[in-house]
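Please read the structure below before turning to the comments.
In what follows, chains carry the letters A, B, and so on, assigned in the order in which the sequence lines appear, proteins first and then strands, with residues in each chain numbered from 1.
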Number of protein chains: 2
Amino acid sequence: MTAQDLDFWSFVDAAVERTRDRLPAIDPEAMRLILTLYRVTNMVVYDMESVVHRPRGWSYPGFRLLFTLWVAGPMEAKRAAELSGMSRQAVSALVGTLSRDGLVSKAPDVKDRRAVRLSLTDAGEEAISTAFATHNDRERLWAGTLSDEERDTLVRLLGKLGAREGVRRRR
Amino acid sequence: MTAQDLDFWSFVDAAVERTRDRLPAIDPEAMRLILTLYRVTNMVVYDMESVVHRPRGWSYPGFRLLFTLWVAGPMEAKRAAELSGMSRQAVSALVGTLSRDGLVSKAPDVKDRRAVRLSLTDAGEEAISTAFATHNDRERLWAGTLSDEERDTLVRLLGKLGAREGVRRRR
DNA sequence: GAGTAGTAATCAAAGCTTTGATTAACTGCG
DNA sequence: CGCAGTTAATCAAAGCTTTGATTACTACTC
């Protein structure tokens, strides 16, 4: 496989091979894992975003924040950041957009006047309910390449990876 | 598990449960897969970027483009987009930064004067060589939660997911 | 050769995310 | 009470990515 014949996926093999030759001290299989993880996730996200969310005028991050509020109810911005995995700044900026578009409402917290309490508006509730069916159709399409057992194994192994201690987390 | 006790990971279980109750027509296990995939990858990317790349003054996308050129040699911008999984516009913008910082050089293509040929500068070559050892240390840390067999299984299942046909790809 | 269609790259605007700084409000110690 | 330290949120600037439009060039058709 020369450099001219590569495509998106065979690039991973080439990278592993090439690195094994030039930097023998590295762990090529760890590299293959992270490279593959990144590429697959990127594919899935691009597909979901471009097929499901952008045509409706929203972003994937916007959907994630709406979904977080839909699942766990109204909450402070800080907590929405924790549960959704975004930074507080990202939530702040995103809520600016979603609030402007009438999907999320901000109310001052009663107990702590620094805090902002986020909740779905009726339009937000409506939006997430209808969008989620399409979103999940797409999730099902992706998951459909795997048998139930393979899917469960994949979830379990991803969970094991995600349980890694001693790594940097968003604050 | 009430909404008040949730954290980043138990949120996934709550989402599956809550959705099963409110929207019985959806496939909760497909949802769990995609949700988990996204969260794990985000954790890994955040860790890699904040521990390895930002302290050196670079971004993860910047590293990915440099790495692409390092693995497969000088190439047109269009090809770099294909191999790295970025859009052509993203490559164009990113090359602006990397070129300004002296890590990548742009040269007009000899055969097609519309095209731009990208290559690593000496500084870029130097940068990727030294950064990659640290990058791979971090990859090894992540991969280290899994046995060799688990890691191979995970790569295989991710590959199967990534081989999905009929999805939207970047152009 | 002229004209049309297609392609490589870039520009422009908008959105998300990051770091670092700032404002406002809570907490705890003396 | 008064003040230092902490915390919630936001602002500002920079970077990456996206869509849509534009420019420059190539390739095809007549």
Side-chain angles (χ1 to χ4, degrees), chain A residues 38 42-43 45-66 75-82 84-101 103-104 106-118 168-171, chain B residues 38 42-43 45-66 75-82 84-101 103-104 106-118 168-171:
Chain A
Y38 185 85
N42 243 20
M43 277 184 74
V45 167
Y46 183 81
D47 175 72
M48 299 288 256
E49 181 148 20
S50 64
V51 171
V52 180
H53 301 296
R54 289 206 182 264
R56 293 166 183 266
W58 310 331
S59 66
Y60 198 3
F63 173 79
R64 282 166 51 215
L65 189 54
L66 294 178
M75 67 185 79
E76 289 183 18
K78 185 196 177 185
R79 185 143 175 67
E82 287 167 5
S84 66
M86 303 174 189
S87 71
R88 281 185 294 173
Q89 297 90 321
V91 169
S92 182
L94 191 47
V95 166
T97 305
L98 295 174
S99 169
R100 181 202 63 194
D101 294 346
L103 302 173
V104 165
K106 296 195 285 189
D109 190 284
V110 183
K111 292 183 180 161
D112 185 341
R113 282 181 301 159
R114 291 170 305 182
V116 171
R117 195 166 177 76
L118 304 178
R168 180 79 84 91
R169 301 291 303 268
R170 271 191 190 80
R171 276 166 285 140
Chain B
Y38 185 85
N42 243 19
M43 276 185 77
V45 167
Y46 182 81
D47 175 72
M48 299 289 255
E49 181 148 20
S50 65
V51 170
V52 180
H53 301 295
R54 290 207 181 264
R56 293 166 184 265
W58 309 330
S59 66
Y60 199 2
F63 173 79
R64 281 165 51 216
L65 189 54
L66 293 178
M75 66 185 80
E76 288 183 18
K78 184 195 178 187
R79 184 141 176 69
E82 287 167 7
S84 66
M86 303 174 189
S87 69
R88 281 186 294 175
Q89 298 90 321
V91 169
S92 182
L94 191 47
V95 166
T97 305
L98 295 174
S99 169
R100 182 202 62 192
D101 295 346
L103 301 173
V104 165
K106 296 195 285 191
D109 191 285
V110 182
K111 292 183 180 160
D112 185 340
R113 281 183 301 161
R114 291 170 303 182
V116 171
R117 193 165 179 76
L118 304 178
R168 180 79 84 90
R169 301 289 305 267
R170 270 192 191 80
R171 278 166 283 138

Taking only Lys NZ, Arg NE, NH1 and NH2, and the carboxylate oxygens of Asp or Glu, determine whether Asp112(A) and Arg114(A) approach each other closer than 4.0 Å.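 Looking at Arg114(A) together with Asp112(A), the answer is yes, because their closest N to O distance falls below 4.0 Å.
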For the side chain of [X], counting heavy atoms from C-beta on, which of [options] is nearest?
| X | options | answer |
| --- | --- | --- |
| Arg54(B) | dT18(D), dT10(C), dT18(C) | dT18(C) |
| Ala77(A) | dA9(D), dC16(D), dT10(C) | dA9(D) |
| Arg100(B) | dC16(C), dA9(C), dG15(D) | dG15(D) |
| Tyr46(B) | dG15(C), dA9(C), dT19(C) | dT19(C) |
| Arg88(B) | dT17(C), dT18(C), dA8(C) | dA8(C) |

With Val45(A), the side chain to side chain contact (heavy atoms under 4.5 Å, CB included) member among Met43(A), Glu49(A), Met48(A):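 For Val45(A), the side chain to side chain contact (heavy atoms under 4.5 Å, CB included) check succeeds only for Glu49(A).
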[atom1] of [X] versus [atom2] of [N]: gap in Å, rounded?
| X | N | atom1 | atom2 | result |
| --- | --- | --- | --- | --- |
| Leu65(B) | dT17(D) | CG | P | 9 Å |
| Glu76(A) | dT10(D) | CD | P | 12 Å |
| Tyr38(B) | dT17(C) | OH | C1' | 11 Å |
| Lys78(A) | dT10(D) | NZ | P | 14 Å |
| Lys106(B) | dA8(C) | NZ | P | 17 Å |
| Met75(A) | dA9(D) | CE | P | 12 Å |
| His53(A) | dA14(C) | NE2 | P | 23 Å |
| Arg168(A) | dT19(C) | CZ | C1' | 11 Å |

Classify Arg170(B) by what it touches in the nucleic acid, base, sugar-phosphate, or nothing, heavy-atom distance under 4.0 Å.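 Sugar-phosphate, no base atom in range.
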Regarding Ala115(A), tell me which of base, sugar-phosphate or nothing describes its non-hydrogen contacts under 4.0 Å with the strands shown.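 Since only primed, P, OP1 and OP2 atoms lie under 4.0 Å of Ala115(A), the category is sugar-phosphate.
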Hey, which sits more toward the 5' end of DNA chain C by its nearest nucleotide, Val91(A) or Val95(B)?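 Counting from the 5' end, the first nearest nucleotide belongs to Val95(B).
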On a heavy-atom basis, which atom in Ser59(A) and which in Gly62(A) lie closest, and how many Å separate them?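 For Ser59(A) versus Gly62(A), the nearest heavy atoms are OG-N, 3.0 Å.
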Tell me the closest heavy-atom pair linking Arg64(B) and Ser84(B), and the distance in Å.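 The answer is NH2-O, 3.2 Å.
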Without placing hydrogens or testing angles, list every side-chain donor-acceptor pair under 3.5 Å for residues 86-96 of chain A, not counting sequence neighbours.
unit_1: Ser87(A); atom_1: OG; unit_2: Ala90(A); atom_2: N; d: 3.0

5' precedence on DNA chain D between Thr97(B) and Ala93(A) (nearest-nucleotide basis):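 With Thr97(B) and Ala93(A) compared, the 5'-side residue is Ala93(A).
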Can you check whether [X] has a side-chain N or O nearer than 4.0 Å to OP1 or OP2 of [N]?
| X | N | value |
| --- | --- | --- |
| Ser87(B) | dT18(D) | yes |
| Ser92(B) | dT10(C) | yes |
| Ser59(B) | dT18(C) | no |

Does Leu65(A) reach the side chain of Val104(A), with side-chain heavy atoms less than 4.5 Å apart?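 No. Closest side-chain heavy atoms not under 4.5 Å.
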Heavy-atom check, side chain of Val52(B) versus side chain of Phe63(B), under 4.5 Å: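 When only atoms from C-beta onward are counted, Phe63(B) and Val52(B) do not touch, as no gap falls below 4.5 Å.
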Contacts under 3.5 Å, N or O only, protein and nucleotides 20-25 of chain D:
unit_1: dC25(D); atom_1: O2; unit_2: Arg114(B); atom_2: NH1; d: 3.3

Between Tyr38(B) and Tyr60(A), what is the ring plane arrangement, given parallel below 30°, perpendicular above 60°, and tilted in between?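 Ring orientation of Tyr38(B) relative to Tyr60(A): tilted.
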